[in-house]
Protein chains: 2
Amino acid sequence: MARGKVQMKRIENSVHRQVTFCKRRSGLLKKAKELSVLCDAEIGVFIFSAHGKLYELATKGTMQGLIERYMKCSRGAQPEPAAIETQPDMVISLNYTAKYLD
Amino acid sequence: MARGKVQMKRIENSVHRQVTFCKRRSGLLKKAKELSVLCDAEIGVFIFSAHGKLYELATKGTMQGLIERYMKCSRGAQPEPAAIETQPDMVISLNYTAKYLD
DNA sequence: ATCTATGTATAAGC
DNA sequence: GCTTATACATAGAT
């Protein structure tokens with residue numbers, strides 16, 4: 001990134017690794033929030049550090065709620081019953097377009 | 001970002017929003033993979049588009065495995081310690097779903 | 001934690 | 001999808 005590229009492999013120096021973990025974790029969560037806001041998406045992120053500490057982000061509601069929703073979506077895999085998620089005030093043209101845009 | 005800053009609010013133009021969603025979703029998942037490799041972290045990400053389509057990433061093993069680990073960690077020191085105990089329905093749902101996702 | 005030179009991500013435009 | 005000009009993220013130093 002700055003002042004030197006980085007190799008895409010585990011950073012061996014533990015101090016460097018820890019510093020990079022803090023910086024990039026923060027950057028990742030920021031990007032997730034931005035994507036959620038800009039594109040009206042619902043995002044869940046969880047990160048376990050190498051030592052097992054948990055960091056998480058749920059852009060709407062709770063992580064529990066997102067996990068439940070994830071379970072429903074991933075179960076059917078292909079044809080998600082998207083009608084369930086449809087907002088009542090969403091215009092018909094959007095619903096029609098949806099399957100072609102995602 | 002490039003050729004113009006972006007306001008941190010929902011992109012109203014649906015074409016722009018869709019394009020940005022694709023690009024940033026891809027960027028977010030890439031960043032997650034990098035953080036995982038560089039810092040030896042285990043990361044789970046799931047993204048629901050505005051129309052309910054699911055995109056996911058689990059840097060090690062399966063999302064199921066990460067969710068199980070998340071449950072254990074979040075029970076103790078993280079945000080919603082009592083969530084699992086107060087939502088028996090979800091635990092059943094998890095067990096049920098697991099059979100179909102192996 | 002703060003700074004800053006540089007590498008990346010990406011908004012617009014093809 | 002590809003290109004290009006910019007905004008942003010961040011490695012290394014402090």
Side-chain angles (χ1 to χ4, degrees), chain A residues 1-60 63 66 78 82 90-91 93-94 96-102, chain B residues 1-60 63 66 77-79:
Chain A
M1 286 56 187
R3 298 183 174 184
K5 299 187 72 164
V6 78
Q7 298 304 305
M8 266 305 294
K9 66 191 202 76
R10 181 173 184 275
I11 296 169
E12 291 305 324
N13 183 295
S14 65
V15 174
H16 291 177
R17 188 169 64 247
Q18 176 60 25
V19 171
T20 294
F21 180 66
C22 288
K23 289 180 177 180
R24 281 178 173 258
R25 170 164 47 78
S26 149
L28 183 70
L29 296 181
K30 181 181 179 184
K31 288 277 189 187
K33 289 174 197 164
E34 290 183 350
L35 176 57
S36 169
V37 170
L38 291 172
C39 304
D40 202 20
E42 214 168 338
I43 305 179
V45 178
F46 41 84
I47 303 169
F48 295 98
S49 75
H51 203 1
K53 182 164 182 180
L54 171 64
Y55 300 87
E56 66 177 295
L57 168 73
T59 62
K60 289 182 184 177
M63 184 62 83
L66 280 183
Q78 294 305 321
M90 185 177 289
V91 293
S93 61
L94 281 179
Y96 176 81
T97 311
K99 53 177 71 72
Y100 301 96
L101 287 178
D102 277 343
Chain B
M1 289 57 187
R3 298 184 174 183
K5 299 187 72 164
V6 78
Q7 299 303 306
M8 265 306 293
K9 66 192 205 76
R10 181 174 184 274
I11 296 169
E12 290 306 323
N13 183 297
S14 65
V15 173
H16 292 176
R17 189 169 62 249
Q18 175 62 24
V19 170
T20 293
F21 180 67
C22 289
K23 289 180 176 178
R24 281 179 173 259
R25 169 164 46 79
S26 148
L28 183 70
L29 296 182
K30 181 180 179 184
K31 288 275 189 187
K33 289 174 198 165
E34 291 182 350
L35 176 58
S36 169
V37 170
L38 292 171
C39 304
D40 202 20
E42 214 168 340
I43 305 179
V45 179
F46 41 85
I47 303 169
F48 294 98
S49 75
H51 297 302
K53 182 162 182 178
L54 170 65
Y55 300 87
E56 66 177 293
L57 168 73
T59 62
K60 289 182 183 177
M63 183 62 82
L66 280 182
Q78 287 296 318

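These numbers come from the heavy atoms of this one structure, side chains and all, not from hydrogens, waters or symmetry mates. Proteins get letters first, then strands, A, B, ... in listed order; numbering begins at 1 in each.
Distance OG/Ser14(B) to CZ/Phe21(B): 14.0 Å, rounded to 0.5 Å.
Scanning for ring pair (Phe, Tyr, Trp, His ring centres under 6.0 Å) contacts around Phe48(A) gives an empty result, with sequence neighbours left out.
For the side chain to side chain donor-acceptor pair (under 3.5 Å) condition, the pairs that include at least one residue of residues 32-44 of chain A, sequence neighbours left out, are Glu34(A)-Arg24(B), Ser36(A)-Thr59(A), Glu42(A)-Arg69(A).
A distance-only check finds a donor-acceptor pair linking the side chain of Thr20(B) to the backbone of His16(B) [under 3.5 Å]. The backbone N or O of Glu12(A) sits less than 3.5 Å from a side-chain atom of Arg17(A), completing a donor-acceptor pair.
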Quiz item: Which nucleotides of nucleotides 9-14 of chain C have their base under 4.0 Å from a protein heavy atom (B), which only their sugar-phosphate (S), and which neither (-), written as one string 5' to 3'?
Solution: SBBBS-
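Between the C1' atom of dG1(D) and the CD atom of Gln18(B) lies a distance of 14 Å, rounded to the nearest Å.
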